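What you see below is based on every heavy atom in this structure, not just the backbone, and it leaves out hydrogens, waters and symmetry mates. Remember, predicted model here, so these are calculated numbers, not experimental data.
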Amino acid sequence: MDRENSWRIIEQQRRAIAGLLADLTPTEWETPSLCAGWRVREVAAHIAVTPDPPSPGDLLRTMVRARGDYNRMIDDLTVRHARRPTAELVRQIRDNAASRRLPKLTNYRNILFDTIVHGQDIAIPLGRTIEVDPRAAAAGADTAAASGWPVWDRHRLDGIRLSATDIDWTHGSGSEIRGPILALLLLVTGRTVALDRVAGEGIPRLARQLA
């Protein structure tokens with residue numbers, strides 16, 4: 001998927017997420033998301049802050065507090081931003097839906113799968129649905145599957161062949177796992193809840209490697 005289509009999907013996803021969030025009750029905002037350690041509130045804050053990143057100075061100070069740990073830095077930034085009123089988070093996501101600003105050290109391909117996956121992090125635990133174009137999910141899965149440190153273990157997909165059932169997409173070799181491309185994208189990014197949406201002899205192995 002090229003740059004223009006990727007940004008179009010990112011904008012669509014952000015608007016869909018903002019629409020879903022706008023209808024939530026205070027209790028739903030506190031629901032644990034699929035993203036470990038984050039409630040719906042924190043995931044919304046992460047989506048909101050992505051096109052409006054902190055200053056280089058704030059980023060450096062946060063990295064120092066995190067002792068160079070990338071994931072800890074992201075968590076720190078997100079938790080602080082999540083203290084804002086929920087209406088402000090929704091407004092920020094909606095107002096910046098078409099923004100193409102990027103945090104340092106990332107690109108539109110990463111933002112594509114990040115936005116898609118975090119939308120599902122919110123929607124699935126709440127029993128809601130955010131539709132995703134299978135072509136966009138496939139593009140996101142390509143990028144996420146190739147990603148490793150500092151976000152994921154680079155070997156988490158070793159010995160696994162992923163095969164989509166709703167689009168022509170495969171990745172890797174070994175024990176097969178078959179399912180919708182969105183479920184495969186969620187697995188590639190460590191969301192084991194998607195194991196219930198796929199089939200194949202590779203499931204036990206992948207479950208162990210993602211644990």
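Between R39 and E42 there is a side-chain heavy-atom pair separated by less than 4.5 Å. Residues D142 and H171 form no side-chain contact, since every pair of their non-hydrogen atoms from C-beta on lies 4.5 Å or further apart.
Hydrophobic clustering (ILVMFWY, side-chain heavy atoms < 4.5 Å, transitive): V49 and I93 are in distinct clusters. L34 and L184 are members of different hydrophobic clusters when ILVMFWY side chains are connected at heavy-atom separations under 4.5 Å. Hydrophobic clustering, with ILVMFWY side chains joined whenever heavy atoms are under 4.5 angstrom apart, groups V188 together with I177. Neither W152 nor L157 shares a network with the other; the hydrophobic side chains, linked directly or stepwise wherever heavy atoms of I, L, V, M, F, W or Y lie under 4.5 Å apart, form separate groups for each. One hydrophobic cluster, built from ILVMFWY side chains closer than 4.5 Å, holds both I47 and M73.
Rounding to the nearest 0.5 angstrom, the gap separating the CD1 atom in I160 from the CG atom in L210 is 8.5 Å. Once rounded to the nearest 0.5 Å, the distance linking CZ of R197 with OG1 of T165 reads 12.5 Å. E28 CD to E30 CD: the interatomic distance, rounded to the nearest 0.5 Å, is 11.0 Å. The CG atom of L187 sits 12.0 Å away from atom CD of Q209, with the distance rounded to the nearest 0.5 Å. Atoms CD and CG, on Q120 and L185 in that order, are 8.5 Å from each other to the nearest 0.5 Å. Taking CG of D158 as the start and CG of L206 as the end, the distance is 10.5 Å to the nearest 0.5 Å.
Among all heavy-atom pairs drawn from T189 and A144, the shortest one is CG2-CB, 3.8 Å. Of all heavy-atom pairs between I130 and A123, the closest is CG1-CB, 4.0 Å. Across every non-hydrogen atom of T115 and I111, the tightest pair is OG1-O, 2.7 Å. Among all heavy-atom pairs drawn from A44 and W29, the shortest one is CB-CZ3, 3.7 Å. In terms of heavy atoms, D114 sits closest to T50 at OD2-OG1, 4.5 Å. Considering all non-hydrogen atoms of both residues, T143 and S147 come closest at O-OG, 2.8 Å.
Within the 3.5 Å criterion, the main-chain N or O of G202 finds no donor-acceptor partner in the side chain of R205. Distance alone, capped at 3.5 Å, is enough to place a donor-acceptor pair between the Q13 side chain and the E131 backbone. Judged purely by atom type and a 3.5 angstrom limit, R101 uses its side chain to pair as donor or acceptor with the backbone of P51. At least one donor-acceptor pair closer than 3.5 Å links the side chain of R14 to the backbone N or O of N96. Listed for the R191 side chain is no donor-acceptor partner under 3.5 Å among the backbone atoms of C35. One N or O on the side chain of R41 and one on the backbone of R84 form a donor-acceptor pair closer than 3.5 Å. In this structure, T31 contributes its side chain and V40 its backbone to no donor-acceptor pair below 3.5 Å.
Under the side-chain contact (heavy atoms from CB on, under 4.5 Å) test applied with L21, the options L89, V90, L126, T86 reduce to a single match, V90.
Counting non-hydrogen atoms of other residues, nucleotides and ligands closer than 6.0 Å to CZ of R135 gives a total of 12 or fewer. Taking a 6.0 Å sphere around CG of D2, one finds it holds more than 12 heavy atoms contributed by other residues, nucleotides or ligands.
In this model, a donor atom of one side chain and an acceptor atom of the other lie less than 3.5 Å apart for S163 and E176.
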Next on the checklist: Please evaluate residues D76 and R80 with respect to the criterion salt bridge (Lys or Arg N to Asp or Glu O under 4.0 Å), reporting the C-alpha separation (whole Å), side-chain torsions for both, the decisive distance (0.1 Å), and the verdict.
Outcome noted: CA-CA 6 Å; D76 188 336; R80 282 191 283 137; 2.9 Å; yes
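Salt bridge annotation for R8-E4: absent, with no cationic side-chain nitrogen under 4.0 angstrom from a carboxylate oxygen.
Classification of the H118-H46 ring pair by plane angle, with boundaries at 30° and 60°, yields perpendicular.
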